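In what follows, a structure is listed as structure tokens, so that the remarks can point back to it.
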2 protein chains.
Amino acid sequence: MPTAEAIAQSGDRVSNSAVIQRTFSVLEAVAASGCAAAKTVATRLEIPLPTVYRLLNELADSGYLVYLKDTKRFELGPKCFELGLSFQQRLVAPHPIRQITDQLHRSLGTAAYFAIYRGSDIILTYCSDCEKHPRLRPLRFGFHEAAHATAFGKILLAGMPEPQRTDYLEARGMQVLTPQTMISREALDPHLAEVATRGIAWEHEEFLPRQTCAAVPVRNGTGMQVGAMAISTPSSKMVGRAKEVESTLREHAGLASSYLRGGSVTVPVAEHA
Amino acid sequence: MPTAEAIAQSGDRVSNSAVIQRTFSVLEAVAASGCAAAKTVATRLEIPLPTVYRLLNELADSGYLVYLKDTKRFELGPKCFELGLSFQQRLVAPHPIRQITDQLHRSLGTAAYFAIYRGSDIILTYCSDCEKHPRLRPLRFGFHEAAHATAFGKILLAGMPEPQRTDYLEARGMQVLTPQTMISREALDPHLAEVATRGIAWEHEEFLPRQTCAAVPVRNGTGMQVGAMAISTPSSKMVGRAKEVESTLREHAGLASSYLRGGSVTVPVAEHA
DNA sequence: TCCTCATTCTCACCACATGAAAAAGTCGAT
DNA sequence: ATCGACTTTTTCATGTGGTGAGAATGAGGA
């Protein structure tokens with residue numbers, strides 16, 4: 001129920017269609033509970049039962065839900081899975097980028113990452129890791145919500161025009177993740193300025209304790225920063241390796257940039273694990 | 001536009017709401033093209049432009065789409081990804097089952113699978129593989145569409161009551177995948193009867209050339225078949241191992257069944273790769 | 001600056017979503 | 001079988017609110 005003030009605050013029009021909103025709220029209610037009986041949904045959303053049934057059946061007919069006769073519950077249907085797949089297929093880093101990231105992973109013996117801007121979001125489009133060099137657990141393919149606290153987040157924030165960065169940070173806030181996390185613009189802004197000039201972002205235990213990350217920009221044909229290549233590793237394994245990490249990271253980011261520039265296939269040197 | 005005959009043919013009521021149907025058709029149009037301009041969608045779906053804009057904006061406001069100003073295109077939004085995640089989290093096999101499947105994978109040196117019924121679908125809820133023992137490429141977490149041609153599909157088909165099996169097969173057809181694929185009920189039904197009595201399904205190059213699979217049932221507390229545990233391996237590696245594979249498969253399926261029966265945690269024996 | 005295309009607004013029309021109430025299924029237990 | 005306690009669907013009068021042609025506005029590009 002969008003209040004008048006909510007409308008005033010947010011710029012977006014809330015002239016929205018009731019049916020569609022309700023349909024999605026029903027779908028999301030089912031998604032949130034994993035499975036839900038019609039009555040439960042009706043109660044939780046305060047929508048009369050016949051209407052809920054209409055919407056649930058509509059969703060089931062369209063394949064977004066399925067009705068399980070045995071439990072008399074609705075669950076998410078194939079279309080939800082397909083939407084997730086489409087999203088993934090559209091956004092996962094292209095093959096050469098994945099190869100370069102894999103090679104970075106092997107070269108440095110660290111987890112490696114590739115992330116991009118999309119609209120006003122930051123999306124992690126590829127993670128390369130293994131049992132010996134695991135990725136940071138909270139990081140996985142998908143939207144990244146803690147840009148202020150990760151190396152690739154910071155390099156991407158540093159590459160944003162000021163107003164957009166402010167929008168970004170105000171929309172998601174700056175969560176405290178470790179004692180080292182920078183949680184004020186006063187701390188972050190100068191840091192990002194330095195990140196921007198140096199062209200590399202380091203992150204020391206700001207996201208997870210005892211973990212260090214580094215990231216450098218990846219640019220497209222027009223020289224615009226479009227993404228970031230990053231690594232993460234236990235801080236203990238980083239001592240004295242900063243130079244090596246930086247140069248290897250830059251080398252691989254350069255490969256990624258030239259792929260994006262040329263479109264021509266960059267052949268990554270074969271390596272042994 | 002559902003015609004009168006369409007209504008007559010399919011049993012499902014097509015009293016559906018136009019708005020909702022249109023909304024999803026727009027969403028799916030965007031999903032299918034990866035990204036789409038408003039005009040493209042309007043043309044393809046034959047919906048007037050202002051209406052398409054309303055629906056696209058609605059979807060964008062709800063987070064199912066995002067509007068990319070630079071390309072003037074709509075793409076799938078965060079909610080689509082979340083739906084996919086919810087689906088996955090809800091359906092992925094529980095941890096003990098995954099462990100048991102992993103152990104089966106290691107014990108036999110084959111890719112290993114766990115699949116279940118859900119409603120009238122067959123869902124592959126876990127794959128365990130590695131570089132040395134890769135899974136069959138087309139198989140991945142999610143809905144399984146070629147039950148007639150895989151071992152776990154056949155064991156699950158064999159466990160269905162007759163009318164449901166017919167529904168299942170008629171709804172999806174029986175695609176020809178290899179020269180060995182059984183594509184008629186005349187061939188399949190006796191085979192499934194035998195599968196049911198023996199309690200194991202073998203599949204020899206019916207799904208992919210030069211690949212062999214085997215599957216056995218997994219049962220819940222009431223003794224009802226609820227899933228299947230399966231392996232796949234190159235046929236060349238199978239010669240003379242049928243007995244060993246069968247007993248190891250049964251052993252692990254038994255562990256899975258007793259987990260489902262007891263809920264108590266079955267401790268899988270640690271193994272070395 | 002103009003021109004073109006993308007996007008939103010306006011508004012009268014009436015389709016169709018709505019939800020209370022009642023009927024029809026479904027299933028388990030006695 | 002017979003009841004009872006549900007889940008689910010149908011009915012139907014009401015008026016909300018979705019609709020789309022057309023016009024206006026906005027955003028870039030040459």
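All values reported here derive from a predicted model rather than from experimental measurement.
Using a 4.0 Å cut-off, some side-chain N or O of A/Tyr53 falls inside it from OP1 or OP2 of D/dT8. In this structure, A/Arg22 reaches the C/dT18 phosphate: one of its side-chain N or O atoms is under 4.0 Å from OP1 or OP2. Close to D/dT8, at under 4.0 Å from its OP1 or OP2, lies no side-chain N or O of A/Lys72. Taking 4.0 angstrom as the limit, A/Asn57 places a side-chain polar atom (N or O) nearer than this to OP1 or OP2 of D/dT9. The phosphate of C/dG19 has OP1 or OP2 within less than 4.0 Å of a side-chain N or O from A/Thr51.
Spacing between atom CD of A/Gln21 and atom C1' of C/dA17 amounts to 15 Å, rounded to whole angstrom units. Atom CG in A/Leu49 sits about 15 Å away from atom C1' in C/dA23, given to the nearest Å. Atom pair A/Leu55:CG and C/dG19:C1' shows a separation of 12 Å (rounding to whole Å applied). What separates CD of B/Glu58 from P of C/dT7 is a distance of 17 Å, to the nearest Å. A/Leu59 places its CG atom 14 Å from the P atom of C/dA17, with the value rounded to the nearest Å. Whole-Å rounding puts the B/Asp61 CG to C/dT7 P distance at 15 Å. For B/Asn16 and C/dT18, the CG to C1' distance is 16 Å, given to the nearest whole Å. A straight line from CD1 of A/Ile20 to P of C/dC16 spans 15 Å, rounded to a whole angstrom.
Residue-to-nucleotide proximity on DNA chain C shows that, of B/Arg54 and A/Arg54, the 5′-proximal contact is made by B/Arg54. Where A/Ala38 and B/Pro48 meet DNA chain D, the nucleotide closest to each residue was compared, and A/Ala38 sits on the side nearer the 5' end. With DNA chain D read from its 5' end, the first of the two nearest nucleotides for A/Phe74 and A/Ala18 is the one closest to A/Phe74.
Between B/Tyr53 and B/Tyr67, the gap from one ring centroid to the other reaches at least 6.0 Å.
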Might you work through the side-chain hydrogen bond (donor to acceptor under 3.5 Å, both in side chains) test for A/Gln21 and A/Ser17, ending with a clear yes or no? CA-CA 6 Å; A/Gln21 303 237 88; A/Ser17 148; over 6 Å; no

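Within 6.0 Å of the CD atom in A/Gln175, the count of heavy atoms belonging to other residues, nucleotides or ligands does not exceed 12.
Of the N and O atoms on the side chains of A/Thr166 and A/Glu162, at least one donor lies less than 3.5 Å from an acceptor on the other residue.
Within the 4.0 angstrom heavy-atom criterion, no nucleotide atom of any strand lies near B/Ala37. Contact annotation for A/Ile47: no contact, since no heavy-atom pair falls under 4.0 Å across all strands.
The shortest distance between side-chain heavy atoms of B/Leu91 and B/Phe141 falls below 4.5 Å.
Listed candidates were D/dT8, D/dG18, D/dT10. Nearest to the side chain of A/Pro50 is D/dT10.
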